[in-house]
Amino acid sequence: MEHRGPKRIEKGTPRIPPNLADYEALRRSFGWDDARRELAGLLGGGLNMGYEAVDRHADGPLAAKLAIRWLDKAGAVRDFTFADLKAQTGRFANVLKNLGVEKGDRVFVLMGRVPELYFAVLGALRHGAVVSPLFSAFGPEPVKARLTIGAGKVLVTTATLYRRKVEPVRAELPTLQHVLVLPDEGGTFPEGTLNLLELLAGAPEEFQTAATQPEDPALLHFTSGTTGKPKGALHVHDAVTEHRITGRWALDLHDDDVFWCTADPGWVTGMSYGILSPLANGVTSIVDEADFDARRWYRILAEQKVSVWYTAPTAIRMMMKAGADLAKQQTFPALRFIASVGEPLNPEAVFWGLDAFGLPIHDNWWQTETGGIMIANFAALDIKPGSMGRPIPGVEVMLAKRDEAGNVSPVTKPGEEGEIAIRTGWPSMFRTYLHEEERYRKCFAGDWYFSGDLATCDAEGYFWFMGRVDDVIKSAGHLIGPFEVESALMEHPAVAEAGVIGKPEPVAGEIVKAFVALKHGYEDTPALHRDLLGFARKRLGPAVAPREIDIVPTLPRTRSGKIMRRLLKARELGLPEGDTSTLESGA
């Protein structure tokens, strides 16, 4: 498939030497114990995420260093040093202790990006509780489902969110003993809850971080399945080993960086790389309370002197929609590295980064289940636009096919499609789906975790995403990955985003059908339909190009930005929509 622009973006000369300078040498020599030795650890061989993110720095030379700069919606700024974080998280840990919360109890957090969210997450980890973040835009039913599966004992939220999301289902949550609420601006808080600010003010700062072990549970992340209830993926304290080192390698974090991860902590990216990775690396983070706004984001990048920026393809496409000229109204002298995750990054977006910032965007791949970055485009390697990159050191990835009996056949030919499989043993791998051990076991064959994502691998070891196993389109004997078709359509100047499905057809089995949303200034006309069909056919060839294209106002996306192809297909065919708890409102 052809793309506008070069097929390779050479690494050039980085502004500062990359942390991962010799990829091949490190791949040969690295072992996870090497990364564990770089952690502080606890006396007696214990390990605690909260300690690695907070105590080790607050008790050392970084105590006065800026850990988090928080920007509120109105533009006010609050700064927190590592010493400040230790004091505030110690208060929260003592609140839990005073409430009788024990090691391993589950503490759910349902908040926007306010400082108290970070105090609660890190304080609960220091206490030894298991933290489960919830996205603040969830409705009452998704909140109830997750609290029920996770047997939540404590919920930390705001008065507004409690009234809207929790109060309607509170009577259906028998395990929920304590609700800690951040009062409204007027200072009110609902009946049957505890005032979080009063509890924090009355708790001491000093707290000895719990002596957790590397395999003790630490994080419970929920991920939606194609059908049925959400899955609770459980991660352990040893995951911080990977959070820290992949921040150094895949995001090229250096000690003096100012880092901005735009992901909400309600999602795994916002937890692993919005909180734990930068803090474990002793790096300053920017946290923005406000929702996406292109002008605001450009202003933050410029004014806060962000040097490393980690965001999502959806946000990048929204900024592309606003035009590169908007970016050029600002200058970004500090910005040196941009990375993206959440769904595959279209080649056009990589080139747009060059146009808007003078920097390519480095895609990477991982999942809720992997807990950390698995495949990345590194600062010291060339970028192939559209590729996920190469595996991180310490992780062995293969492409394979599994039959119904569970037999595994590795894919050895470059360019041949297979399911991404990872040899078990990396620190941030999920340890179970809570209460669904059989579902968990089905993800594995021998020593390999099968991700459900299809990809190809070229002769140089770069991986290329094709689609989910259940998304792949089988048309007249061809296996077609929807991402390839979507990327081609996005090269058309009228297309803002695209979603592609397989539609049943008696002769071919399935045909490719595309749904596209247009950029501002373009209208749905018969001429544009014809032009889109011809454009795709020219780019992809008749066997792969869509036979049908619908122009729609918006595409259904999860709240984390992924296009829900299965929902497009269900609506097209009149099928049940399955679990839509993570669906963006109005989609």
A.B. asks: Run the salt-bridge test on R113 and D264 with the 4.0 Å N-O cut-off and return the result as yes or no.
C.D. replies: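 Result for this pair is yes, salt bridge flagged.
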A.B. asks: Is it true that a side-chain atom of R27 and a backbone atom of I392 form a donor plus acceptor pair closer than 3.5 Å?
C.D. replies: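 Yes: the side chain of R27 pairs with the backbone of I392.
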A.B. asks: Using a distance-only test with no angle check, is there a side-chain donor-acceptor pair under 3.5 angstrom linking T424 and D447?
C.D. replies: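 Side chains of T424 and D447: no pair found under 3.5 Å.
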A.B. asks: Relative to each other, are the rings of W249 and F30 parallel, tilted or perpendicular (30° and 60° limits)?
C.D. replies: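 W249 vs F30 ring planes: perpendicular.
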A.B. asks: Within 45 degrees of the axis of the six-membered ring of F450 and under 6.0 Å from its centre: does R402 put its NZ or CZ there?
C.D. replies: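 Yes, R402 and F450 form such a contact.
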A.B. asks: State whether E510 and K569 are salt-bridged, where the test is any N-O pair (Lys NZ or Arg NE/NH1/NH2 against Asp/Glu carboxylate O) under 4.0 Å.
C.D. replies: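 Answer for the salt bridge query: yes.
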A.B. asks: Any donor-acceptor pair under 3.5 Å linking the side chain of T370 with the backbone of W366?
C.D. replies: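 Not at all, since once roles are kept as given, no pair shorter than 3.5 Å links the two residues.
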A.B. asks: Classify the angle between the aromatic ring planes of Y298 and F357 as parallel (below 30°), tilted (30 to 60°) or perpendicular (above 60°).
C.D. replies: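 Plane angle between 30° and 60°, so tilted.
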A.B. asks: Going by the angle between their ring planes, with limits at 30° and 60°, are F430 and H235 parallel, tilted or perpendicular?
C.D. replies: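 If you compare the ring of F430 with that of H235, the planes turn out tilted.
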A.B. asks: Charged N to carboxylate O under 4.0 angstrom, E348 versus R317?
C.D. replies: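 So E348 does not pair with R317 through a salt bridge.
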A.B. asks: For I338, is there any backbone N or O sitting under 3.5 Å from a side-chain donor or acceptor partner on H362?
C.D. replies: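 Answer holds: yes.
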A.B. asks: Looking at E460 and R8, is there a salt bridge between them, counting it only when a charged N and a carboxylate O are closer than 4.0 Å?
C.D. replies: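 So R8 pairs with E460 through a salt bridge.
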A.B. asks: Thinking salt bridges, do E572 and K513 make one under a 4.0 Å N-O criterion?
C.D. replies: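 So E572 pairs with K513 through a salt bridge.
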A.B. asks: Salt bridge or not between D252 and R336? Use side-chain N to carboxylate O under 4.0 Å.
C.D. replies: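 Yes, this pair counts.
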